[in-house]
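This report refers to the structure that appears directly beneath it.
The chains referred to below are lettered A, B, ... by the order of the sequence lines, with proteins before strands, and numbering in each begins at 1.
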Amino acid sequence: MSNGTAPSISGLSSSVGETVTLKGWLYNRRDSGKIRFLVLRDGSGYLQCVVVKKEVPEDVWESSGLLTQETSFEVTGVVREAPRQEGGVELGVTGLTVLSVCHDWPITPKEHGVDFLMSQRHLWLRSARQVAILKVRSEVESAIHDFYHSRGYTKIDSPILTPAACEGTSNLFETQYTEDEKAYLSQSGQLYLEPACAALGKVYCFGPTFRAEKSKTRRHLREFWMVEPEVAFMEIDGLLDLAEEFIKELTTRVLDRRKDDLKRLERDTTKLEATATRPFTRMTYREAIENLAGKGFPVKFGDDLGGDEETALTEGFDTPVLVTRYPSSIKAFYMQPDPADPEVALCVDVLAPEGYGELIGGSQRIHDHDLLLARIRQQELPIEAFQWYLDVRKYGTFPHSGFGMGLERFTAWMCGVPHLRECIPYPRMLYRIYP
RNA sequence: UCCGCAGUAGCUCAAUCGGUAGAGCAUUCGGCUGUUAACCGAAGGGUUGUAGGUUCGAGUCCCUCCGGCGGGCCCA
């Protein structure tokens with residue numbers, strides 16, 4: 001190739017007629033006596049390489065017979081059109097060198113159980129489905145950065161090691177910081193983002209988040225990646241617009257650039273197209289519990305919404321649903337009460353369609369110093385630990401809002417994958433931290 | 001921690017009423033010049049998770065422990 005880098009399968013459609021040399025691994029092989037079809041995998045794509053006995057030297061033919069699944073090899077050949085192939089090209093092989101024969105590859109082209117695949121996660125990553133998911137994930141990450149940078153946000157890296165108890169230590173991972181001081185792994189960057197938005201106006205953080213909860217469901221990981229914007233002077237309505245615009249843009253980007261991966265995942269993209277183009281449904285918590293009552297879910301004011309309720313709420317909608325103004329009693333202490341309805345908080349949960357559940361949770365933050373102090377006392381949180389957080393309200397306070405979105409939940413929804421564990425390279429789950 | 005499900009060949013599963021543990025994939029060997037999870041033939045591969053019990057006889061019934069899966073709680 002003219003750019004001086006090694007050629008890759010993904011760029012081959014423009015090289016028809018040229019002779020190229022590629023390196024990769026054998027994904028699959030089909031033999032038919034004097035002709036062999038080798039499927040080469042190089043991370044960028046898949047390429048059928050055709051070896052015909054009469055057309056190659058004896059040693060090339062013999063080498064091609066040694067290839068087992070995942071054997072690494074180098075192949076040279078002429079790129080030619082092959083309409084039936086993915087990518088529209090195949091390789092007429094003229095030379096082949098085995099780099100390392102793979103013995104006893106454990107993952108066959110047939111089905112496998114979850115337990116087995118999870119214990120082989122480092123190898124499972126090589127399968128076509130996992131590659132497609134990880135490409136979508138990476139696209140989403142890149143789209144997140146682009147979304148905020150193009151709007152003048154500054155990325156703030158919030159700390160991963162945090163001092164004592166912010167919202168209670170029961171769901172925090174504890175680690176020894178010094179001989180006589182403990183530290184905890186961060187479960188949210190939000191508290192650190194709030195002072196930063198007073199410095200920079202519009203900020204966001206994006207990093208790993210740790211939750212030591214004993215959740216054992218398809219929607220939970222103990223280590224996951226969360227993106228959190230925080231905006232000075234933004235109030236609840238601006239936050240709702242931001243959340244909607246954000247999800248729309250990420251969805252559009254994935255549909256636009258990861259079409260092939262979604263196809264491989266057999267994702268029905270018509271549902272995502274609605275998200276990209278149509279306005280999202282918005283409803284208050286009070287409206288939501290009425291809606292649920294009509295569907296046979298007796299939820300009374302003050303009850304939180306479980307997974308079944310969330311799924312029922314989004315039924316009939318192709319786009320995410322924004323549920324706002326939950327009772328303050330079931331939400332975090334820092335959420336601003338609604339002046340028009342003081343029992344509820346100015347908050348939002350964004351529920352994805354198709355049963356994917358909560359993508360985003362966010363709120364307008366309490367900006368009044370004394371009200372926040374009262375809430376901290378009411379929840380019996382250690383005031384000393386929150387002095388710096390209260391300082392945001394002490395020195396030139398201002399309304400501000402933000403939300404958090406789980407990268408894996410968003411990716412799972414885009415890919416139509418039922419379980420979060422496939423949406424992060426090395427999932428950390430309850431009772432499973434290998435490999 | 002609670003509720004539910006299942007531990008049989010390297011992997012995915014089957015085994016009727018309690019009566020000689022089988023198949024596909026993978027591996028090895030053989031066949032096939034356009035295959036698409038290719039196909040056809042053959043071979044090797046088993047302490048049925050673990051400890052105990054019932055029985056003439058247990059993969060199957062009872063029970064101990066272990067690890068797994070799904071859900072609840074919690075949240076993104």
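Heavy atoms of A/R222 sit nowhere under 4.0 angstrom from any nucleic acid atom. Among the protein residues, A/L221 comes within range of the nucleic acid bases, having at least one heavy atom under 4.0 Å from a base atom. A/K53 comes within 4.0 angstrom of no nucleic acid atom, judged by non-hydrogen atoms across all strands. Within the 4.0 angstrom heavy-atom criterion, no nucleotide atom of any strand lies near A/D349. The residue A/Q69 sits apart from the nucleic acid: no heavy atom pair falls under 4.0 Å. Within the 4.0 angstrom heavy-atom criterion, base atoms lie near A/Q85. If you check every strand for non-hydrogen atoms under 4.0 Å, A/R80 touches a base. Residue A/E90 is classed as a base contact, given a heavy-atom separation below 4.0 Å to a base. A/R218 comes within contact range of the sugar-phosphate backbone alone, with a heavy-atom separation under 4.0 Å but no base atom that close. Backbone-only contact: A/I360 has heavy atoms under 4.0 Å from sugar-phosphate atoms and none from a base.
For A/H220, whose side chain is taken as the heavy atoms from C-beta onward, the closest listed nucleotide among B/rA76, B/rU28, B/rG34 is B/rA76.
Note: A/L272 CG to A/R267 CZ = 4.5 Å, rounded to the nearest 0.5 Å.
Residue order along RNA chain B, read from the 5' end via each residue's closest nucleotide, puts A/R29 first among A/M118 and A/R29. The residue among A/P106 and A/L359 whose nearest nucleotide of RNA chain B is located toward the 5' end is A/P106.
Residue ring and base: A/F224 counts as stacked with B/rA76 (centre distance below 5.5 Å, interplanar angle below 30°).
Spacing between atom CD of A/E86 and atom P of B/rU35 amounts to 18 Å, rounded to whole angstrom units. The OH atom of A/Y46 sits 14 Å away from the P atom of B/rA37 (whole-angstrom rounding).
B/rC56: Watson-Crick or G-U partner is B/rG19, with both key distances under 3.5 Å.
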